[in-house]
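Since the model is a prediction, treat every value here as computed from it, not as a measurement. Numbered from 1 within each chain, the chains take letters A, B, ... in sequence-line order.
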Protein chains: 2
Amino acid sequence: MEDKQCLCKNIAQDELDRITAEIPPENEIAALSEFFKVFGDPNRLRILYFLSKAELCVTDLASIAGMQQSAVSHQLKTLRQNRLVKLRKDGVTSYYSLDDLHVSEIFLMALTHIKEL
Amino acid sequence: MEDKQCLCKNIAQDELDRITAEIPPENEIAALSEFFKVFGDPNRLRILYFLSKAELCVTDLASIAGMQQSAVSHQLKTLRQNRLVKLRKDGVTSYYSLDDLHVSEIFLMALTHIKEL
DNA sequence: TCCTTATATGAACATATATTCATATAAGGA
DNA sequence: TCCTTATATGAATATATGTTCATATAAGGA
């Protein structure tokens with residue numbers, strides 16, 4: 001707790017202390033922000049949208065998302081590291097699909113919010 | 001539609017076309033990713049958490065979030081531009097509070113997801 | 001083994017982004 | 001008007017991040 005406490009009268013000190021004490025732990029905040037950051041790129045959002053509809057290979061994803069194959073691979077790596085997609089290999093081809101049911105929910109909720117603006 | 005269509009047999013061309021046709025428009029994708037990006041910073045998440053509990057002034061926020069006043073002001077500007085918080089002035093003091101009920105929902109949903117990992 | 005195809009990987013690079021530092025601005029009191 | 005306080009703003013800076021380019025790696029067929 002810093003010592004630069006405001007002198008304004010809007011909130012009691014003990015109320016402030018209570019709020020501060022209840023915040024989720026540091027590692028959860030970090031994980032949360034990391035989670036949201038993954039959705040914070042338009043190309044990754046497109047990839048997630050397409051994968052919410054069907055299992056797709058890298059080349060098809062690159063094609064329909066209008067991205068280079070390499071860029072898609074990089075993004076898929078990020079999505080895998082964050083456990084949002086999973087990989088199935090068949091010969092030389094890699095197929096990706098969603099590995100997290102929350103993605104569609106979150107996508108929908110945020111879309112609802114955007115449309116209310 | 002690019003011409004680098006994959007020859008793999010996982011999905012029919014018309015299925016692929018249908019998926020591509022259904023994606024939300026460009027401006028919605030952009031708005032969505034922007035929305036998520038705002039939550040993708042730990043300090044902004046902290047600010048939003050605190051404001052979900054009470055209306056607070058900049059100095060108190062800076063204090064409990066462990067940030068410099070200037071950094072808080074910058075972040076609050078971003079949050080205001082994205083209509084997530086609102087400002088009430090009283091004399092020299094500015095008080096901020098949530099301007100969007102979705103914030104708590106989104107925060108909770110994501111926290112649930114994080115805890116399932 | 002060599003060649004082809006699909007994809008992953010890493011470096012380079014351009015751009016984005018959060019914080020710091022300095023100070024401008026706003027509000028209020030003496 | 002001057003001074004103090006609270007906050008906003010802008011430039012500088014360090015770091016992060018997404019894309020491109022080149023190529024390594026994996027898989028399979030000849």
Side-chain angles (χ1 to χ4, degrees), chain A residues 2-11 29-30 33-48 51 55-82 85-97, chain B residues 2-11 29-30 33-48 51 55-82 85-97:
Chain A
E2 301 290 316
D3 61 354
K4 289 191 185 157
Q5 216 66 104
C6 174
L7 298 182
C8 73
K9 304 198 175 51
N10 191 51
I11 186 167
I29 297 285
S33 62
E34 192 67 31
F35 177 70
F36 284 120
K37 197 182 292 185
V38 170
F39 287 82
D41 174 73
N43 282 329
R44 277 204 294 275
L45 264 188
R46 280 192 200 92
I47 290 175
L48 287 171
L51 294 184
E55 185 190 55
L56 295 165
C57 69
V58 179
T59 304
D60 277 344
L61 273 173
S63 173
I64 59 181
M67 296 164 68
Q68 304 266 38
Q69 171 266 319
S70 166
V72 171
S73 281
H74 279 293
Q75 299 287 27
L76 287 170
K77 179 172 183 177
T78 298
L79 294 172
R80 275 178 72 202
Q81 287 174 339
N82 283 278
V85 301
K86 60 179 180 272
L87 165 66
R88 171 176 74 89
K89 288 203 149 193
D90 185 3
V92 300
T93 306
S94 299
Y95 295 97
Y96 287 83
S97 57
Chain B
E2 301 290 315
D3 59 356
K4 290 192 184 155
Q5 216 65 101
C6 174
L7 299 183
C8 73
K9 301 192 177 51
N10 193 50
I11 187 167
I29 296 287
S33 63
E34 193 66 31
F35 178 70
F36 284 119
K37 197 181 291 184
V38 171
F39 287 82
D41 174 73
N43 282 330
R44 277 203 296 275
L45 264 188
R46 282 192 199 90
I47 291 176
L48 287 172
L51 294 184
E55 183 189 57
L56 295 165
C57 68
V58 178
T59 304
D60 278 344
L61 272 172
S63 174
I64 58 180
M67 297 166 65
Q68 304 266 36
Q69 170 267 319
S70 165
V72 171
S73 282
H74 279 293
Q75 299 287 28
L76 287 170
K77 179 173 182 177
T78 299
L79 293 173
R80 274 178 73 202
Q81 289 175 336
N82 284 275
V85 301
K86 61 180 181 270
L87 166 65
R88 172 177 73 90
K89 287 203 149 192
D90 184 3
V92 299
T93 307
S94 299
Y95 296 97
Y96 287 83
S97 57

In whole Å, what is the span from the [atom1] atom of [X] to the [atom2] atom of [N]?
X     : N      : atom1 : atom2 : value
A:Q81 : C:dA8  : CD    : P     : 12 Å
B:Q68 : D:dA6  : CD    : C1'   : 15 Å
A:M67 : D:dT19 : CE    : C1'   : 9 Å
A:L76 : C:dG10 : CG    : C1'   : 17 Å
B:N43 : D:dA16 : CG    : P     : 14 Å
B:L87 : D:dT7  : CG    : P     : 10 Å
B:Q75 : D:dT9  : CD    : C1'   : 14 Å

Notebook entry, point to check: Would you say A:S63's side chain and A:T59's backbone share a donor-acceptor pair under 3.5 angstrom?
Noted result: no

Tell me, do [X] and [Y] make a side-chain contact under 4.5 Å, heavy atoms counted?
X     : Y     : value
A:P42 : A:R46 : yes
B:M67 : B:Q75 : yes
B:L76 : B:L61 : yes
B:L56 : B:Y96 : no
A:N43 : A:V72 : no

When you compare the ring of A:H74 with the six-membered ring of C:dT9's base, are the centres less than 5.5 Å apart and the planes under 30° from each other?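 Stacked: centres under 5.5 Å apart, planes under 30°.
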
For residues [X] and [Y], report the shortest heavy-atom separation together with the two atoms involved.
X     : Y     : value
B:E55 : B:R88 : OE1-NH2, 2.7 Å
B:S33 : A:L45 : N-CD1, 3.4 Å
A:F39 : A:L48 : CE2-CD1, 3.8 Å
A:T93 : A:C57 : CG2-CB, 3.7 Å

Show me the protein contacts with nucleotides 14-17 of chain C, counting only N or O atoms at under 3.5 Å.
residue: C:dT17; atom: OP1; partner: B:K37; partner atom: NZ; Å: 2.8

Remember a base hit wins even if backbone is also touched, and classify A:S94 as base, sugar-phosphate or nothing at under 4.0 Å, heavy atoms.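 Sugar-phosphate, no base atom in range.
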
>> Only Watson-Crick and G-U wobble pairs, only distances under 3.5 Å, only runs of 3 or more: what stems does that leave for DNA chain C?
In response: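 Result, WC/G-U stems under 3.5 Å: C:1-30 with D:1-30.
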
Q) Looking at D:dA8, D:dG10, C:dT9, which one has an atom nearest to any side-chain atom of B:K77? A)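 Minimum distance to the B:K77 side chain belongs to D:dG10.
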
Say you draw a straight line from NZ of B:K86 to CZ of B:R80; how long is it, rounded to the nearest 0.5 Å?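 That separation rounds to 12.0 Å.
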
Once base and sugar-phosphate atoms are separated, protein heavy atoms under 4.0 Å mark nucleotides 22-30 of chain D, 5' to 3', with B, S and - as B----BS--

